[in-house]
Amino acid sequence: MPATRPGSIGGVISGWGATLGERVVTNHDLAQTLDTSDEWIVTRTGISERRIGGTTAGLACRAASDALSLAGLTPDRIDALILSTTTPDRQWGTAQIVQRELGLQCGSFEVNAACSGFVYSLVNAHGLLAMGADRVLVIGADTLSRITDWNDRATAPLFADAAGAVVLESTDGPGQLLGWDLDSDGSASELLWADVGGTVNMEGKEVFRRAVRIMMDSAEKSMRHAGITADDLALIVPHQANIRIITAACERLGVDMERAAVTIDHTGNTSSASIPVALTEALEAGRIADGDNILLVGFGGGMTAASAVLRWGGATS
Ligand code: UT7
């Protein structure tokens, strides 16, 4: 049921935060060891530099601390923690490290839907609110630098480390989530994947081709469920994988690039963190106001896709 039912318990985002990996790595740095150039990477991907370093849990805690303080909440007020990550520090138990370090007294679990994971988690957090939780902390955190083959010029320039977090609080009435879509296509799973303990395997050209289509499909479903069109969007916050994918998806949706949140030039692709980082940067730049319709849309390995339409500040009817 992707449209929020009238009268159901909804949620609003009351706090947000983001952090990037510790060390700046420029395209020129990469060109020292790889057969590549700043010109190729900028032209083909839109990335000028990326930030790497830190642990998934460590980055998650930094972003979440900011989100909690902006929401004005002490850790004991959080009812559940969802950590979206495709690069946990441990096979299991990374969400619980975050829970311990933040001093949360609640259940915690991980979601892995690759780069779509943050939107998957946000939708699931709304489900927890509908089941009686009052406040859910949702974090997207990834350290893709740990699963990147730094000798492979086809993938090394793309990936990086970051975390973004939001606090979702229950509200009377429908709240902010107007429509959503979670999708996956396992028949395409060999196009983008990583073994446990291995590095990223990707058929870049085919992923690119499908990415534009599945982002569009998912976005259109969410907007239809929300009862809006692309003209009604104040901002689109897309997964930051390649500026050319973002541009093509916006063009096909009929959204001009002035209405797109873009961070890829300085973040690279940070998977689960990509959308909450871009959302946080847009909020910090004053690009989002109460009543605005915001579209979050991502795609990723698996292959997965996910989108959500939010009415910022919550719907009034
Ligand atoms: O979260 C989702 C993760 N993944 C993605 O979203 C990836 C989607 N795909 C892409 O973003 C693009 O396909 C890439 C950025 C990965 C590649 O761009 P492209 O325009 O599709 O390039 P290509 O793979 O068709 O390669 C064109 C040429 C090739 O050389 P030849 O065969 O034409 O001589 C590559 O070997 O560029 C070469 N190449 C490079 N040259 C310099 C590939 N990587 C590099 C590089 N520097 N880093």
Side-chain angles (χ1 to χ4, degrees), residues 25-50 52 84-87 111-120 140-162 164 183-185 188-194 198-219 237-250 260 262-265 267-278 296-307:
V25 177
T26 66
N27 294 344
H28 296 289
D29 293 333
L30 291 180
Q32 305 286 313
T33 52
L34 284 174
D35 180 14
T36 190
S37 65
D38 176 57
E39 200 263 335
W40 191 95
I41 300 171
V42 170
T43 313
R44 300 294 182 112
T45 71
I47 301 168
S48 293
E49 61 182 42
R50 74 285 296 139
I52 68 169
S84 167
T85 184
T86 196
T87 48
V111 163
N112 183 351
C115 307
S116 310
F118 178 78
V119 179
Y120 266 76
D142 266 306
T143 46
L144 289 176
S145 67
R146 293 188 299 120
I147 63 162
T148 298
D149 177 353
W150 290 98
N151 296 313
D152 176 14
R153 71 175 183 171
T155 53
L158 305 176
F159 301 118
D161 307 337
D183 214 342
S184 61
D185 176 9
S189 58
E190 301 310 306
L191 297 178
L192 180 55
W193 56 277
T199 53
V200 176
N201 297 277
M202 182 176 76
E203 289 189 30
K205 255 197 160 13
E206 186 55 20
V207 170
F208 188 116
R209 201 177 64 76
R210 287 177 187 240
V212 176
R213 182 160 47 78
I214 64 179
M215 279 173 86
M216 286 262 312
D217 287 351
S218 185
V237 185
H239 171 45
Q240 311 284 314
N242 187 318
I243 191 65
R244 293 185 294 139
I245 294 176
I246 296 173
T247 308
C250 285
V262 175
T263 66
I264 189 162
D265 55 317
T267 61
N269 179 346
T270 59
S271 194
S272 291
S274 155
I275 287 177
V277 167
L296 312 183
V297 58
F299 71 95
M303 288 186 69
T304 56
S307 59

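FYI, the numbering just counts along the sequence from 1. Order of appearance sets the numbers: ligands from 1, and atoms from 1 within every ligand. We use all heavy atoms of the structure for the numbers below, so side chains are in, but hydrogens, waters and symmetry mates are not.
Pairing each heavy atom of Ser189 with each of Gly302, the nearest pair is CB-O, 2.8 Å. Considering all non-hydrogen atoms of both residues, Met215 and Phe299 come closest at SD-CD2, 3.4 Å. Taking each heavy atom of Pro157 and Ile47 in turn, the nearest pair found is O-CD1, 3.6 Å.
Between atom 16 (C) of ligand 1 and the options Glu39, Met202, Lys205, Arg209, the minimum heavy-atom separation is to Met202. For the residues Pro157, Gly204, Ala156, the heavy atom positioned nearest atom 13 (O) of ligand 1 is part of Gly204.
To the nearest 0.5 Å, atom CD of residue Glu190 and atom CE of residue Met202 are 15.0 Å apart. In this structure, Trp40 CH2 and Asn27 CG are separated by 10.5 Å, a value rounded to the nearest 0.5 Å. Between the CH2 atom in Trp150 and the CG atom in Leu34 there is a gap of 8.5 Å [rounded to 0.5 Å]. Once rounded to the nearest 0.5 Å, the distance linking CG of Asn269 with CZ of Arg50 reads 11.0 Å. Going from atom CD1 of Ile275 over to atom SG of Cys115 covers 9.0 Å, rounded to the nearest 0.5 Å. Atom OG1 of Thr87 is separated from atom CG of Asn112 by 8.5 Å, given to the nearest 0.5 angstrom.
A side chain to side chain contact (heavy atoms under 4.5 Å, CB included) with Thr199 is found for exactly one of Asp149, Thr148, Leu144, namely Asp149.
With hydrogens left out, the protein atom closest to atom 6 (O) of ligand 1 is Ala241 CB, 3.3 Å, a heavy atom. From the protein, the heavy atom lying nearest to atom 18 (O) of ligand 1 is Arg244 NH2, 3.5 Å. Scanning the protein for heavy atoms near atom 14 (C) of ligand 1, the closest one is Asn242 ND2, 4.5 Å. The shortest contact between atom 44 (N) of ligand 1 and any protein heavy atom is with Trp40 CH2, 3.3 Å. When only non-hydrogen protein atoms are considered, atom 22 (O) of ligand 1 lies nearest to Arg44 NH1, 3.4 Å. Arg153 NH2, 2.9 Å is the protein heavy atom nearest to atom 36 (O) of ligand 1.
When distances from atom 9 (N) of ligand 1 to the protein are checked, a heavy atom turns up under 4.0 Å. Less than 4.0 angstrom separates atom 32 (O) of ligand 1 from none of the non-hydrogen atoms of the protein. For atom 27 (C) of ligand 1, a protein heavy-atom neighbour is found at a distance under 4.0 Å.
Ligand 1 is never approached by Leu34 to a heavy-atom distance shorter than 4.0 Å. Taking a 4.0 Å cut-off on heavy atoms, Cys115 registers as neighbouring ligand 1.
In the vicinity of Thr45, heavy-atom distances shorter than 4.0 Å reach the ligand 1 atoms 15 (C). Taking every non-hydrogen atom of Phe299 and a distance limit under 4.0 Å, the qualifying atoms of ligand 1 come out as 2 (C), 6 (O).
Of all the heavy atoms of Thr155, none lies under 4.0 Å from any atom of ligand 1, so neither backbone nor side chain is involved. Both the backbone and the side chain of Thr36 come within contact range of ligand 1, each with a heavy atom under 4.0 Å. At a 4.0 Å heavy-atom cut-off, ligand 1 touches Asn269 through the side chain alone.
A donor atom on one side chain and an acceptor atom on the other are found under 3.5 Å apart for Asp142 and Ser272.
When only interatomic distances are considered, the shortest N/O to N/O separation between Ser37 and ligand 1 does not fall below 3.5 Å.
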